[in-house]
**Student:** 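A single structure is presented below for examination.
These numbers were taken from a predicted model, which means no experiment stands behind them. The chains referred to below are lettered A, B, ... by the order of the sequence lines, with proteins before strands, and numbering in each begins at 1.
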There are 2 protein chains.
Amino acid sequence: MASRIPVPGGPVRGSRSGKPIMALFDLLGRSWALGVIWQLSGGPLTFRQLQESCEQVSPTVLNRRIKELTSSGLMERGDKGYRLTVAGAELFELLRPMGAWSKSWAHNLSCDEHGDRMRDRK
Amino acid sequence: MASRIPVPGGPVRGSRSGKPIMALFDLLGRSWALGVIWQLSGGPLTFRQLQESCEQVSPTVLNRRIKELTSSGLMERGDKGYRLTVAGAELFELLRPMGAWSKSWAHNLSCDEHGDRMRDRK
DNA sequence: ATAAAATGCTACGGAAAATGTAGCAAGGGA
DNA sequence: TCCCTTGCTACATTTTCCGTAGCATTTTAT
């Protein structure tokens, strides 16, 4: 059980540095952690709504992410469901531009792959 | 073996949406993916340097991340070692502010915990 | 009031990923 | 030649994730 929750200042999934950025990366480097924050940015969601909006992530994992993100002060439980805290909303603002960026990334990637196919063809 | 690499448009670790942001989150939501990008932002690093700067991450995982990040166009291999591509550098620019943010997050977190301890004491 | 549905969550077994250690082939340099 | 570095694979163990089932409690409908 246990499942260490990355806290800045403490050791982090094999890391002993405790550097805040590494603790943050460890926290966000788990399945659906970024997705949960992303989905909650639209407003509070219940457990099942959250699960649904995260492509039916298994309740086991969702519950774990909820505990981790809660105990690290990024989300909390209100009466309308789970929601981002102030800190969580701040972090989302840093994440937000990735939405647009990921689209052009996707576009360029598929172009490159197309290029590869064309090249392979010769 | 296999180990699916998240490509926007394709299914993503249990996800079928293929939304670019979800593909990106899946790619970054793996151990050390964010860390590798972060470390490479300082300039090219050899395999062993990278491993060292990532808290001695195991070569197995490092190699996997390298393949994933390479095939998704975020890093590449030059003659001075591994380095970020233009796209990778762009993504890092979006990540960069997290460095400062994580510090204040760490600060507030430890204050809150201190508050908890004080409250528990009564 | 009571049946039906939704909600938050735990249990469990199996698959996949991460860890840690060992070590090998290729390429210098002395 | 011997030695050292570099990039990487092998392998066994531990951890995490997934998918399904289901349970207790609260809410909604009748």
**Student:** Is a donor on one side and an acceptor on the other found under 3.5 Å between the side chain of A/Gln51 and the backbone of A/Gln56?
**Tutor:** no
**Student:** Taking atom P of C/dG8 as reference, at what distance in whole Å does atom CZ of A/Arg65 sit?
**Tutor:** 19 Å
**Student:** Whole Å only: how far is the CZ atom of A/Phe47 from the P atom of C/dT7?
**Tutor:** 12 Å
**Student:** Respond yes when some side-chain nitrogen or oxygen of B/Lys67 is under 4.0 Å from OP1 or OP2 of D/dG7, and no when none is.
**Tutor:** no
**Student:** Answer yes or no: is there a donor N or O on one side and an acceptor on the other, between the side chain of A/Trp105 and the main chain of B/Ser72, under 3.5 Å?
**Tutor:** yes
**Student:** Can you tell me how far P of C/dG8 sits from NZ of A/Lys80, to the nearest Å?
**Tutor:** 15 Å
**Student:** Could you tell me whether a side-chain N or O of B/Thr85 sits under 3.5 Å from a main-chain N or O of B/Glu76, the two making a donor and an acceptor?
**Tutor:** no
**Student:** Is A/Tyr82 close enough to C/dT7 that one of its side-chain N or O atoms is under 4.0 Å from OP1 or OP2 there?
**Tutor:** no
**Student:** Check the distance between D/dG19's C1' and A/Gln56's CD and give it to me in whole angstrom.
**Tutor:** 11 Å
**Student:** Could you state the atom-to-atom distance from CG of B/Asp26 to P of D/dT16 in whole Å?
**Tutor:** 18 Å
**Student:** Taking for each residue the nucleotide of DNA chain C with the nearest heavy atom, is it A/Pro59 or B/Arg48 whose nucleotide lies nearer the 5' end?
**Tutor:** A/Pro59
**Student:** Return the minimal non-hydrogen interatomic distance between B/Gly73 and B/Ala87, and the atom names on each side.
**Tutor:** O-CB, 3.6 Å
**Student:** Provide, to the nearest angstrom, the distance between the CD atom belonging to B/Gln49 and the C1' atom belonging to D/dC8.
**Tutor:** 16 Å
**Student:** So does B/Glu55 get a backbone contact from the side chain of B/Trp32, meaning a donor-acceptor N/O pair under 3.5 Å?
**Tutor:** no
**Student:** Give a yes/no answer on whether the side chain of A/Arg77 brings an N or O atom under 4.0 Å of OP1 or OP2 in C/dC9.
**Tutor:** yes
**Student:** Under 4.0 Å: is that the gap between some side-chain N or O of A/Asn63 and OP1 or OP2 of C/dG8?
**Tutor:** no
**Student:** Is B/Ser58 near enough to C/dA18 that one of its side-chain N or O atoms lies under 4.0 angstrom from OP1 or OP2?
**Tutor:** no
**Student:** Of the options D/dC8, D/dC18, D/dT9, whose atoms approach the side-chain atoms of A/Thr60 most closely?
**Tutor:** D/dC18
**Student:** From CZ of A/Arg64 over to P of C/dC9, roughly how many Å is that when rounded to an integer?
**Tutor:** 15 Å
**Student:** Using the side-chain heavy atoms of A/Val57, tell me which of these nucleotides is nearest: C/dT19, D/dC18, D/dT20.
**Tutor:** D/dC18
**Student:** What nucleotide, of C/dC9, C/dA18, D/dC17, holds the atom closest to the side chain of B/Arg30?
**Tutor:** C/dA18
**Student:** What I want to check is whether an N or O donor and acceptor connect the side chain of A/Thr46 with the base of C/dA6 at under 3.5 Å.
**Tutor:** no
**Student:** For B/Gln51 and D/dT6, give me the distance from atom CD to atom C1', rounded to whole Å.
**Tutor:** 11 Å
